[in-house]
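Structure first, then comments.
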Amino acid sequence: MKAVIVGGVAGGATAAARIRRLDEQAEIVVFERSGYISYANCGLPYYIGDVITDPSALTLQTPESFFSRFRVNMKVRHEVTAVHPDKKTVSVKNLETGEAFEERYDKLILSPGAKPTQPRLPGVGLDRVFTLRTVEDTFRIKEHIDAHHPKSAVLAGGGFIGLELAENLRELGMEVTIVQRPKQLMNPFDPDMAAFIHSDMRKHGVQLVLGRTVEGFAENGSGVDVLLKDEAPLHADMVVLAIGVTPDTALAKEAGLELGIKGSIVVNDRMETSVPDIYAVGDAVQVKHVVTGQDALISLAGPANRQGRIAADNICGGDSRYPGSQGSSVLKVFDMIAAVTGVNETTAKKAGLDVDKVILSPLSHAGYYPGGKLMVMKVVFEKETYRLLGAQIVGYEGVDKRIDVLATAIRAGLNATELKDLDLAYAPPYSSAKDPVNMAGFMADNIQQGILKQWFLEDLDRLPRDGSVTLLDARTADEYSQGHIDDFKNIPVDELRERLKEVEPGKPVYVICQSGLRSYIACRILNGYGYEAYNFAGGFRFYDTVTHDRRLVESASACGMDR
């Protein structure tokens with residue numbers, strides 16, 4: 001059996017190694033257009049920022065090391081220019097010599113990945129306008145920085161690569177601006193949770209220019225002008241396009257394979273394409289989302305590796321199945337960590353799901369042990385069934401641990417209330433006896449039992465201010481004096497029982513505190529005395545961060561900057 005693989009890196013290299021482990025006699029050939037067969041995409045920004053200083057550390061395998069261990073013929077700087085399913089061959093061009101030839105296959109795996117989205121804008125090809133996707137891109141940017149010592153950079157796009165690169169360029173002492181059309185960074189997060197990411201970026205000196213349309217680039221002296229629609233241009237010494245990625249599927253299209261979202265390759269759960277004996281894996285393929293069941297594009301290394309393994313299993317006579325992707329990911333944002341799994345509230349509603357949520361701000365470990373730091377968790381679930389749909393966490397230590405627990409719970413089919421029953425490891429330096437994930441489960445259980453009724457930030461403007469409801473702030477007088485929502489009366493929770501006469505009977509009471517805990521206790525006190533009480537999800541800290549961010553983004557439309 002002869003297997004030909006188009007593309008290395010995560011999916012292709014994994015498939016090659018797996019085929020060899022399953023079939024010692026198979027002939028395996030990998031064609032890789034770049035000079036590197038297996039490299040750490042996610043580490044590229046950290047090489048630019050001098051966190052990773054050895055360029056060889058980026059290359060996980062070389063053609064020589066791969067052949068030595070697996071006897072796989074890795075042909076770098078070879079581009080597959082056409083696929084001929086009728087002849088079961090591929091046309092190949094040696095990019096170093098110009099030689100063209102055909103290679104026969106019994107089984108073919110397409111792992112072409114995705115390419116940086118490059119809109120057809122004036123100036124995209126300028127010397128100081130870069131993209132970042134491959135090792136070659138990385139070296140090009142690094143060489144430019146080392147040679148020209150730019151003082152400023154504009155990053156077009158605020159996804160994973162954009163934020164990681166922003167951090168690394170700031171660490172090099174550069175002025176960094178992120179500009180993009182959406183009004184929030186990191187689309188996998190809801191706008192309210194993205195507000196915490198915005199806050200941390202601003203704190204570290206990154207300028208955010210959100211809700212702006214880039215119309216092109218123009219040379220200006222020794223730098224570049226980023227041309228914005230209906231606004232003055234942004235000027236910088238260099239520009240990096242990080243708008244996103246597009247499946248690199250020209251080969252598949254020309255070969256007649258069925259295509260899906262954004263030209264991605266349609267595969268079944270065995271990673272088989274619409275053409276017999278041709279498989280596809282990685283960023284170029286369309287997958288099913290585990291939570292919604294809808295078609296999706298999810299460009300992450302973990303799914304690509306698993307898909308490569310599954311394709312190899314099936315090529316070698318097995319019956320492995322890919323159950324779908326759920327988009328679990330984590331991001332370092334300077335000293336903060338942001339993580340997500342499943343779908344966010346916005347996406348769930350667009351998918352037609354009836355959703356509820358809990359928002360909490362637990363400490364990373366036991367409060368009495370020094371060094372605990374707050375995290376903000378948002379867990380989204382389906383009303384009535386309480387099926388877990390997704391979670392987002394921003395914070396510091398312990399964020400990655402909790403998102404992985406929640407990702408596992410989603411894949412295992414647990415509902416939100418069952419989170420309270422998870423038996424999670426506890427020691428004071430690492431967690432609390434009631435882990436933050438357990439706390440989310442307790443809150444969902446209280447909602448199911450009718451013990452907890454919530455109101456949300458989106459309800460604030462609809463709350464009547466005519467005296468028909470009571471608006472109550474349960475924080476201390478000192479906290480209240482440092483900032484509060486207009487028309488909210490301050491009665492600290494510890495004084496509430498003695499001051500119940502100040503809360504008019506027969507009216508619903510909407511309560512807020514700093515994080516949501518004291519206001520929940522206040523609600524239970526009020527319920528015990530016959531009041532109908534609603535607890536604000538997230539607390540005043542959440543309200544203040546989100547509303548402050550919204551004001552900055554909206555006001556920036558007038559002044560052209562966002563700090």
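Looking at Asp445 and Gln449, their side chains do bring a donor and an acceptor atom within 3.5 Å of each other. A donor-acceptor contact closer than 3.5 angstrom links the side chains of Asp190 and Gln392. In the model, Asn314 has no side-chain atom that pairs as donor or acceptor with a side-chain atom of Ser320 under 3.5 Å. When only modelled atom types and interatomic distance are considered, Ser361 and Ser515 share no side-chain donor-acceptor pair under 3.5 Å.
For the pair Asp459 and Arg462, the salt-bridge criterion is met [side-chain N within less than 4.0 Å of a carboxylate O]. At a threshold of 4.0 Å, the pair Glu458-Lys357 counts as salt-bridged, since one of the basic side-chain nitrogens sits closer than that to a carboxylate oxygen. Ion pairing between a basic and an acidic side chain is recognised when a charged N comes within 4.0 Å of a carboxylate O; Arg270 and Asp313 show no such pairing. Under the 4.0 Å criterion applied to side-chain N and carboxylate O atoms, Arg202 and Asp549 are assigned as salt-bridge partners.
Distance CD1/Ile178 to CZ/Arg212: 13.5 Å, rounded to 0.5 Å. Gln448 contributes atom CD, which lies 10.0 Å from atom OG1 of Thr385 (distance to the nearest 0.5 angstrom). With values rounded to the nearest 0.5 angstrom, Ile447 atom CD1 is found 5.0 Å from Leu452 atom CG. Within the model, atoms CZ of Phe139 and OG1 of Thr134 stand 9.5 Å from one another, a figure rounded to the nearest 0.5 Å.
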Report the C-alpha separation of Gln454 and Asn535 in whole Å, then their side-chain angles, then the decisive distance to 0.1 Å, and conclude whether the side chain to side chain donor-acceptor pair (under 3.5 Å) test is met. CA-CA 5 Å; Gln454 300 186 104; Asn535 187 33; 5.8 Å; no
Apply the test side chain to side chain donor-acceptor pair (under 3.5 Å) to residues Gln326 and Arg411: give CA-CA distance (whole Å), side-chain angles for both, the deciding distance (0.1 Å), then the verdict. CA-CA 8 Å; Gln326 69 186 66; Arg411 184 54 64 101; 3.2 Å; yes
Take Arg387 and Asn415 through the test side chain to side chain donor-acceptor pair (under 3.5 Å) and record every step on the way to the result. CA-CA 4 Å; Arg387 177 171 71 104; Asn415 64 40; over 6 Å; no
Does the pair His484 and Glu479 meet the rule for a side chain to side chain donor-acceptor pair (under 3.5 Å), with working shown? CA-CA 8 Å; His484 59 270; Glu479 289 173 308; over 6 Å; no
Tell me, with the steps shown, if Lys349 and Glu345 meet salt bridge (charged side-chain N to carboxylate O under 4.0 Å, His left out). CA-CA 6 Å; Lys349 288 180 176 178; Glu345 180 183 7; 3.1 Å; yes
Steps toward salt bridge (charged side-chain N to carboxylate O under 4.0 Å, His left out) verdict (Arg402, Asp435): CA-CA 9 Å; Arg402 274 69 188 213; Asp435 188 87; 2.9 Å; yes
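With hydrogens and angles ignored, the 3.5 Å screen pairs a side-chain donor or acceptor of Thr545 with a backbone N or O of Arg541. A distance-only check finds no donor-acceptor pair linking the side chain of Asp354 to the backbone of Glu382 [under 3.5 Å]. A donor-acceptor pair under 3.5 Å is formed between the side chain of Ser264 and the backbone N or O of Ile261.
Ring orientation note: the planes of Tyr543 and Phe540 are tilted relative to one another, at an angle of 30° to 60°. Ring orientation note: the planes of Tyr510 and Tyr534 are close to parallel, at an angle under 30° on the 30°/60° scale.
Sorted by first and then second residue, the ring-ring contact (aromatic ring centres under 6.0 Å, His included) pairs with a member in residues 383-405 read Phe381-Tyr386; sequence neighbours excluded.
Atom NZ of Lys434 is surrounded by 12 or fewer heavy atoms from other residues, nucleotides or ligands within 6.0 Å. Environment of NZ in Lys262: sparse, with no more than 12 heavy atoms of neighbouring residues, nucleotides or ligands closer than 6.0 Å. Residue Asp54 places its CG atom among more than 12 non-hydrogen atoms of other residues, nucleotides or ligands, all under 6.0 Å distant.
Aromatic ring centroids of Tyr430 and His365 lie 6.0 Å or more apart.
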